[in-house]
Amino acid sequence: ISTATTLAGSNFDNCMMNASGVYCMDSDELLAVENSKAATFVTKSGTLQPRKGNPEPRYFETEFGSINSMGLPNNGVDYYLDFVSQDQINHPGKTYFLSITGFNLAEDLELLQKVTDSDFAGVVELNLSCPNVPGKPQTGYDFETVDAILKAVFDVYHKPLGVKLPPYFDIIHFDQMAEILNKYPLSYVNSINSIGNGLYINDDTETVVIKPKQGFGGIGGEYVKPTALANVHAFYQRLNKDIQIIGTGGIQTGKDIFEHILCGASMVQVGTALMVEGPVIFERLTAELEAIMAEKGYSSIEDFRGKLNYL
Ligand SMILES: C=Cc1c(C(=O)O)[nH]c(=O)[nH]c1=O
């Protein structure tokens, strides 16, 4: 039994990695994921300049997941480019993911120019879905802007690149986004980012639990799995087959991974549960997924990927 996968033209010895934003802020965290059973890692979304992010508390774990309004804290894209470029030397042939996000098209292009000028040989994940920068709408909900960004990006950047998308909740939005995405040579789409602007309340103190944005923040964890699975499958149904899918959202067990793959995912990313359990989680997830595959008689994820049945 193998949980190996191929994504963006690279082979990975299993189909699990961290979600951007979790266990990927600095070299210690990235090395912890590197040295775990995860197939690879993605960095925290890098911006042109380092950012402190929003005031704390800005992350809170609840019974069924998490709420965050980090505000894009990161060490700046140069830090992550330097780290991955060095890490590639230490692990020749391994493919890593670099997440980037600009605050406008010009910044996106400047970030990509930095990647082009660097030794980075991995996959770029362009984050179109940060819900927590005050005053900035999520790019992923502005379809014309997404179209304009992808047109400009693929005019200048010709190496493997995927986009991190927010969750959509309307079938027509899946149709409209897929029509745009299918115009471009994307390696993959990654669905979903957190469900934006949820609210969690401490009943005893009658108070919100995070400081930024009067307590409003992106929701992750068990809460979001049905939405994540629907977004993975909706894009799997609609996208050209050469645009693969990374499934992110609500993964806590091998069963959750199995469901994401059944919906069409070629790779899965773990966020909240990784934050809770640490990188050792990838050992448990691997064992659980392999047990399910053994039980069902599958030897590779391609035996069941995308093969969700309808009634
Ligand atoms: C990169 C910003 C993001 C953040 C953040 O830094 O607030 N939180 C998320 O849940 N998703 C993001 O994409």
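Both backbone and side-chain heavy atoms feed into the values below; hydrogens, waters and symmetry mates do not. Atoms within a ligand are numbered from 1 in the order they appear, just like the ligands themselves. Values in this document were obtained by computation on a predicted structure and should not be read as measured data. We're numbering straight along the sequence, starting at 1.
Within the 4.0 Å heavy-atom criterion, the part of N127 lying near ligand 1 is the side chain and not the backbone. Of the heavy atoms in K164, none comes closer than 4.0 Å to ligand 1.
When only interatomic distances are considered, the shortest N/O to N/O separation between S45 and ligand 1 does not fall below 3.5 Å. An N or O contact shorter than 3.5 Å links M70 to ligand 1 by distance. Looking at ligand 1, you'll find an N or O of K44 within less than 3.5 Å of one of its N or O atoms. Some N or O of L72 is nearer than 3.5 Å to an N or O of ligand 1, by distance alone.
One side chain, Y223 or T62, offers a donor N or O that lies under 3.5 Å from an acceptor on the other. A donor atom on one side chain and an acceptor atom on the other are found under 3.5 Å apart for Y184 and D147.
Less than 4.0 angstrom separates some heavy atom of N68 from each of these atoms of ligand 1: 4 (C), 5 (C), 7 (O), 8 (N), 9 (C), 10 (O). Using a 4.0 Å cut-off to heavy atoms of N193, the atoms of ligand 1 that qualify are 9 (C), 10 (O), 11 (N), 12 (C), 13 (O).
Proximity of a side-chain donor or acceptor of D303 to a complementary backbone N or O of S300 within less than 3.5 Å is detected.
No salt bridge links E29 with K44; every basic N to acidic carboxylate O contact stays at or beyond 4.0 Å. Salt-bridge formation is detected for the pair E259/K225: a Lys NZ or Arg NE/NH1/NH2 atom is positioned less than 4.0 Å from an Asp or Glu carboxylate oxygen. The pair E288-R284 meets the salt-bridge criterion, with a side-chain N (NZ, NE, NH1 or NH2) lying under 4.0 Å from an Asp/Glu carboxylate O.
For atom 2 (C) of ligand 1, the closest heavy atom belonging to the protein is C130 SG, 2.6 Å.
A distance of 15.5 Å separates NZ of K211 from CZ of F60, quoted to the nearest 0.5 Å.
In this structure, G71 counts as a contact residue of ligand 1, since one of its heavy atoms falls inside 4.0 Å of the ligand. Using a 4.0 Å heavy-atom cutoff, S194 is listed among the residues neighbouring ligand 1.
Using bins of under 30°, 30° to 60° and over 60° for the plane-to-plane angle, the ring pair Y298/F258 lands in the parallel bin.
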